[in-house]
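As structure tokens, the structure follows; a few thoughts come after it.
The residues of the chain are indexed from 1 along the displayed sequence.
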Amino acid sequence: MSGQTFYAFYKVLRYIDPSLSKILSRKFRAAKDDYHIRHDDVAMTSKIMGRTEETTRKSYASGTKTDHYNEMGIFLDRVKQASINKVVVLTKNQTKKL
């Protein structure tokens, strides 16, 4: 996912709830690394993610699947609650600004 895509995604979420915390690309990459380390091995994960095995071991092989699920679950629950509590009606011109 490109930086522009993340920026657009969070711009919309911030419009819904300005106090939402960001989960940036590093956390998403860490979750993907965690998935591949659990289902493959460090060598395969390194090839998939485009880095050395040493970098994968040092920077991305920490955390658990449960930690990831909990963190993402809390974040998505907050997005859900914010969107339920807020009604946003946009005109055609306003959607282009988002």
Side-chain angles (χ1 to χ4, degrees):
M1 193 178 288
S2 73
Q4 281 184 321
T5 304
F6 272 116
Y7 177 76
F9 174 70
Y10 282 112
K11 194 171 182 181
V12 170
L13 290 179
R14 290 256 185 214
Y15 189 77
I16 294 169
D17 183 358
S19 67
L20 282 174
S21 61
K22 289 184 180 180
I23 296 180
L24 299 176
S25 58
R26 186 176 186 326
K27 288 187 180 182
F28 282 114
R29 286 181 61 84
K32 184 171 174 68
D33 272 297
D34 182 61
Y35 172 84
H36 285 293
I37 287 170
R38 292 178 188 287
H39 291 88
D40 301 311
D41 59 17
V42 173
M44 180 61 72
T45 301
S46 299
K47 287 181 183 180
I48 290 168
M49 300 304 290
R51 67 172 76 87
T52 66
E53 289 183 41
E54 181 181 353
T55 301
T56 298
R57 279 190 203 93
K58 282 184 179 179
S59 301
Y60 294 95
S62 62
T64 66
K65 193 175 188 179
T66 302
D67 292 338
H68 168 69
Y69 287 155
N70 287 338
E71 186 173 332
M72 290 301 294
I74 290 167
F75 173 77
L76 293 173
D77 282 342
R78 189 150 177 215
V79 170
K80 178 182 172 184
Q81 286 304 312
S83 62
I84 288 170
N85 296 334
K86 186 172 191 172
V87 175
V88 178
V89 179
L90 302 174
T91 65
K92 186 176 182 179
N93 291 336
Q94 287 175 314
T95 59
K96 291 180 182 180
K97 292 178 185 177
L98 293 175

> L13 versus F75: any side-chain heavy-atom pair under 4.5 Å?
Replying inline: yes
>> Using a 3.5 Å distance criterion without hydrogens, assess whether the side chain of T56 forms a donor-acceptor pair with backbone atoms of V42.
In response: no
> If you measure from OH on Y35 to OG1 on T45, what distance do you get to the nearest 0.5 Å?
Replying inline: 10.5 Å
>> I want to check something: taking the side chain as every heavy atom from C-beta on, are K32 and M49 in contact at a cut-off of under 4.5 Å?
In response: yes
> How long is the gap from CG on D41 to NZ on K47, to the nearest 0.5 Å?
Replying inline: 9.0 Å
>> To the closest 0.5 Å, what do you measure between CD1 (I74) and CZ (R78)?
In response: 10.5 Å
> Going from CD1 on I37 to OG on S46, what distance comes out if it is rounded to the nearest 0.5 angstrom?
Replying inline: 7.5 Å
> Taking atom CE of M44 as the centre, does the number of heavy atoms from other residues, nucleotides or ligands within less than 6.0 Å exceed 12?
Replying inline: no
